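Written out below as structure tokens is the structure these notes cover.
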Amino acid sequence: MTKNTVVSGVRATGDLHLGNYLGALKQWVQFVKNENDAEFLFFVADLHAITTPYEANELADNTRQITAAYIASGIDIEKVSLFAQSAVPEHTYLQWLFTSVTPLGWLNRMTQFKEKAGKKRDNASLGLYSYPVLQAADVLLYKATHVPVGEDQKQHIELSREIAGAFNHRYQQDFFPLPEPMILKEGARIMSLRDGTEKMSKSAASDMTRINLTDDADTIAQKIKKARTDPEPVPSSFEDMEARPEAKNLITIYSSLAEVSRESVMSKYGGKQFSEFKGALADLAIEKLGPITAKMNELMADKAQIDAILNKGAARAREIAGPVLEDSKRLMGFWS
Ligand code: TRP
């Protein structure tokens with residue numbers, strides 16, 4: 001059996017928060033720990049970041065900040081190649097090759113495009129429209145076997161499989177493996193601290209809705225103390241919890257940070273006042289996030305060190321990507 005190749009990316013937007021940490025970073029760290037024989041490639045999708053409004057003078061630092069967050073969360077850089085997507089030009093080259101086997105009809109189904117383009121679809125950029133084709137190239141360029149992503153990216157990975165299939169069929173070779181999505185745990189879906197029905201998001205107007213990975217201990221404590229709850233005590237059963245989104249969210253955050261089940265959180269705090277539970281949650285969040293924030297700050301203060309890690313990752317990525325792109329071109333009949 002050939003070894004597994006695990007590939008994933010995260011868009012280069014700044015201000016990572018607790019939702020990103022519990023929903024992606026922490027699970028990534030765990031995958032890497034548990035798997036000793038895979039090739040891991042993890043990139044910051046900066047080419048994807050420019051498909052929505054962004055600040056040119058923040059882009060490079062966003063890439064560094066995400067890299068710092070992964071390292072600070074415990075990603076083993078001996079096992080994982082971390083790099084900027086834009087540093088590996090083979091991504092965009094393969095994307096172009098793929099545009100010729102991707103019917104418009106497939107792209108028209110993409111829900112993320114529809115959401116982001118909104119009503120004025122004619123004003124949406126070609127970049128936003130072809131975003132999923134670049135994503136397919138991101139994955140297939142390394143002949144990825146597994147792609148860990150959130151539920152919202154499942155459709156894009158399915159499209160990657162279709163593009164791989166279309167290419168293999170068109171050129172009569174079993175060339176690209178069909179990548180398997182590995183869907184990250186739904187239990188780690190973290191909601192806003194002010195509205196338990198909205199996802200925690202960096203774009204929410206109020207900073208009190210989220211815990212940023214750059215927040216200091218006092219800020220974390222304040223935000224948890226002020227988090228919205230209802231007048232009832234902490235729920236002690238699943239039924240009770242399900243009907244109360246803000247309470248459910250705080251229990252979920254506690255259980256993910258402490259790595260214990262939600263039942264055990266409820267058996268400890270169920271029936272108690274929220275003030276007491278929030279105190280314990282704040283202490284726990286500070287204990288878990290404090291070292292990550294400190295490490296991120298340390299890394300961000302020495303950009304040369306992060307850049308060296310990104311360069312090393314890009315060099316490894318290009319070692320794999322180069323031959324795959326060459327073989328793809330050869331199959332397609334290009335001069336070389
Ligand atoms: N589109 C993904 C997101 O929004 C990021 C991404 C880009 C990605 N390329 C990828 C994820 C390839 C997995 C594999 O989060």
Side-chain angles (χ1 to χ4, degrees), residues 4-17 19-25 27-28 31-32 38-54 59 62-63 66-67 69-70 75 80-95 98 102 107 109-117 125 127-164 176-184 188-190 199-203 313-314 317 320-321 324:
N4 287 337
T5 300
V6 186
V7 177
S8 193
V10 59
R11 247 174 324 145
T13 49
D15 305 326
L16 292 172
H17 54 67
N20 303 119
Y21 174 66
L22 294 174
L25 278 89
Q27 297 190 50
W28 247 94
F31 282 145
V32 175
E39 177 84 40
F40 283 103
L41 296 138
F42 190 85
F43 60 89
V44 181
D46 50 0
L47 294 169
H48 279 116
I50 64 167
T51 61
T52 46
Y54 79 101
L59 186 59
N62 285 346
T63 298
I66 291 174
T67 308
Y70 275 81
I75 279 274
V80 181
S81 306
L82 287 173
F83 59 99
Q85 184 189 28
S86 61
V88 183
E90 287 83 356
H91 286 245
T92 47
Y93 200 135
L94 188 63
Q95 175 191 23
F98 283 165
T102 310
L107 295 180
R109 292 201 315 252
M110 296 294 116
T111 53
Q112 186 174 299
F113 173 74
K114 289 188 216 173
E115 257 168 48
K116 293 216 160 138
S125 68
L128 188 66
Y129 190 55
S130 65
Y131 180 120
V133 188
L134 178 59
Q135 187 160 344
D138 293 338
V139 167
L140 298 173
L141 186 56
Y142 305 100
K143 297 195 170 178
T145 54
H146 296 85
V147 187
V149 282
E151 180 69 33
D152 64 329
Q153 293 299 312
K154 203 170 156 197
Q155 193 186 37
H156 286 160
I157 305 308
E158 273 157 13
L159 182 80
S160 305
R161 292 167 64 90
E162 288 182 293
I163 291 177
F176 289 115
L178 304 190
E180 283 298 335
M182 294 166 72
I183 303 300
L184 301 170
R189 200 171 137 89
I190 304 305
K199 239 171 112 168
M200 186 177 283
S201 153
K202 74 155 223 155
S203 51
I320 305 173
V324 176

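In what follows, every heavy atom counts, from backbone to side chain, and hydrogens, waters and symmetry copies are set aside. Position 1 is the first residue of the sequence, and the numbers go up from there. Counting starts at 1 for both ligands and their atoms, in listed order. Everything quoted here is computed from the prediction, not taken from an experiment.
- Here the closest non-hydrogen pair linking L141 and A321 is CG-CB, 3.5 Å.
- Taking E180 as the reference, R161 meet the salt bridge (charged side-chain N to carboxylate O under 4.0 Å, His left out) condition, with sequence neighbours excluded.
- The only member of L184, V149, V139 that meets side-chain contact (heavy atoms from CB on, under 4.5 Å) when paired with S8 is V149.
- Ring centroid separation for the pair H91 and F43 comes in under the 6.0 Å cut-off.
- With 3.5 Å as the limit, one finds a donor-acceptor pair spanning the side chains of D138 and Q85.
- Taking 4.0 Å as the cut-off between side-chain N and carboxylate O, R109 and E162 count as a salt-bridged pair.
- Within 4.0 Å of ligand 1, the residues that place a heavy atom are S8, G9, R11, F43, A45, H48, Y131, Q135, D138, V139, V147, V149, Q153, listed by chain and number.
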